[in-house]
J.: 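Submitted below is the structure of interest, expressed as structure tokens.
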Amino acid sequence: MALLKVLLFPDPRLRTVAEPITQFDDSLKRITNDMLETMYEGSGIGLAATQVNVHKRIIVLDISEDKDNPLILINPKLKKIVDSKKVSYSEGCLSVPGFYEELSRPSSVEIAAFNLEGEEMNIITDDLLSVVIQHEMDHLDGKMMVDFISNIKREMIRKKLNKAKGI
Ligand code: QAP
Ligand code: CO
């Protein structure tokens, strides 16, 4: 297991569109283990491979209280919006540390994805799990939560993070 470096906004590599996984092998298991370790270490509830500079369609998450219920989704795809009624959460992101933004997303979605064994699964989610999956799937297409806020807020966040990085 190894901790991975998390790219920080506005790193342009966060805008990369990730490629599908074609081989369900040991290297996939290794990267997902490292992603989970990195997510837990950073007190995160979700992490996309894009954020650790691996441009493959992998997300990991764990919204359980005790951090003992990891979920790994490979090549996740939105099948349908089950309930378009919006839910609002104060969203955070390990790539935007220290900033939280209230965003609205469809409350329930159906997702198709593969597990580490290459078996397809269908998940109907709602509430926080649905929101975290939507947030992480955005990363795989190079999208971030800061894209949904005002330009002025995004600029403020960019300046503060660049300053913290000494850029
Ligand atoms: C996405 O984000 C999410 O600023 C996952 O200093 C989160 O795990 C979607 C984190 C909430 C919906 C609601 C953020 C850790 C973790 C920070 C995360 C920080 C330390 C964010
Ligand atoms: Co994020």
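Every number for a ligand or one of its atoms is a count from 1 in the order of the listing. Along the sequence shown, residues are numbered consecutively beginning with 1. Nothing here was measured: the structure is a model prediction, and the numbers come from that model.
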J.: Does the T38 side chain pair with the main chain of L4, one donor and one acceptor, at a distance under 3.5 Å?
T.: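 A pair under 3.5 Å: yes.
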J.: Of the non-hydrogen atoms in Y100 and S90, which two are nearest, and what is the gap between them?
T.: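 Nearest pair, atom of Y100 first, then S90: CB-OG, 3.4 Å.
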J.: Are side-chain N/O atoms of E91 and H135 paired as donor and acceptor at under 3.5 Å?
T.: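 Checked: E91/H135 side chains pair up, N/O donor to acceptor below 3.5 Å.
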J.: Would you check if there is a donor-acceptor pair between the side chains of N33 and R30 at a distance under 3.5 Å?
T.: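 The criterion, which ignores hydrogens and geometry beyond distance, is not satisfied for N33 and R30.
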J.: Please report which non-hydrogen protein atom sits nearest to atom 9 (C) of ligand 1, along with the residue it belongs to and the distance in Å to one decimal place.
T.: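 Heavy-atom neighbour on the protein nearest atom 9 (C) of ligand 1: V132 CG2, 3.8 Å.
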J.: Using only heavy-atom distances, determine whether the side chains of D66 and S64 contain a donor-acceptor pair under 3.5 Å.
T.: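 No - no donor-acceptor pair under 3.5 Å links their side chains.
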J.: Has ligand 1 got any nitrogen or oxygen that is less than 3.5 angstrom from a nitrogen or oxygen of I45?
T.: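 Yes: some nitrogen or oxygen of I45 is under 3.5 Å from one in ligand 1.
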J.: For ligand 1, which atoms have a heavy atom of G46 less than 4.0 angstrom away?
T.: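 This gives 5 (C), 8 (O) as the contact atoms.
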J.: State the atoms of ligand 1, each with its element, that fall below the 4.0 Å cut-off from a heavy-atom position in L94.
T.: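 With L94 as reference, the close atoms of ligand 1 come out as 10 (C), 15 (C), 16 (C), 21 (C).
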J.: At what distance is the nearest protein heavy atom to atom 12 (C) of ligand 1, and which residue and atom is it?
T.: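 Its nearest protein heavy-atom neighbour is E91 CG, 3.5 Å.
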J.: May I ask you to list the atoms of ligand 1 that are less than 4.0 angstrom from any heavy atom of G44?
T.: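 Answer, ordered by atom number: 8 (O), 16 (C).
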J.: Of the non-hydrogen atoms in P76 and I59, which two are nearest, and what is the gap between them?
T.: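 Scanning both residues, the minimum pair turns out to be CG-CD1, 4.3 Å.
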J.: Below 4.0 Å, non-hydrogen atoms only: which portion of M39 touches ligand 1? Side chain, backbone, both or neither.
T.: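 None of M39 does.
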J.: I'd like to check which ligand 1 atoms, numbered from 1 as shown, lie under 4.0 Å from a non-hydrogen atom of G92.
T.: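 Taking each heavy atom of G92 in turn, ligand 1 has 1 (C), 2 (O), 3 (C), 5 (C), 7 (C), 11 (C), 21 (C) under 4.0 Å.
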J.: Return yes if some donor-acceptor pair links the side-chain N/O of R15 with the main-chain N/O of G142 below 3.5 Å, else return no.
T.: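 Yes.
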J.: List ligand 1 atoms under 4.0 Å from C93, heavy atoms only on the residue side.
T.: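 By the 4.0 Å cutoff, the relevant atoms are 2 (O), 14 (C), 21 (C).
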J.: For N75 and I21, indicate whether the former's side chain and the latter's backbone hold a donor-acceptor pair under 3.5 Å.
T.: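 Between the backbone of I21 and the side chain of N75 there is a qualifying donor-acceptor contact (under 3.5 Å).
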J.: I'd like to check which ligand 1 atoms, numbered from 1 as shown, lie under 4.0 Å from a non-hydrogen atom of G42.
T.: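 So the answer, numbered in order with elements, is 15 (C), 20 (C).
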J.: Tell me the closest heavy-atom pair linking D34 and M1, and the distance in Å.
T.: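 Taking every non-hydrogen atom into account, OD1-CA, 3.4 Å.
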J.: Go through ligand 1 atom by atom and flag the ones less than 4.0 Å from a non-hydrogen atom of E136.
T.: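 Ligand 1 atoms under the 4.0 Å threshold to E136: 1 (C), 5 (C).
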J.: Return a yes/no value for Y100: is any of its N or O atoms, backbone included, closer than 3.5 angstrom to an N or O of ligand 1?
T.: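 Yes, there is a polar N/O contact under 3.5 Å.
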J.: Does ligand 1 come near enough to G98 that some N or O of the ligand is less than 3.5 Å from an N or O of the residue?
T.: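 Min N/O separation from ligand 1 is below 3.5 Å for G98.
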J.: Can you name the N, O or S atom of H135 that is closest to the Co ion (ligand 2)?
T.: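 For H135, the N/O/S atom sitting closest to the Co ion (ligand 2) is NE2.
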J.: Checking contacts here: is it the side chain or the backbone of H135 that comes within 4.0 Å of ligand 1, counting heavy atoms only? Could be both or neither.
T.: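 H135 to ligand 1: side-chain contact only, backbone stays beyond 4.0 Å.
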J.: When you measure from the side chain of T50 to the backbone of H55, do you find a donor-acceptor pair of N or O atoms at a distance under 3.5 Å?
T.: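 No, T50 side chain to H55 backbone: no donor-acceptor pair under 3.5 Å.
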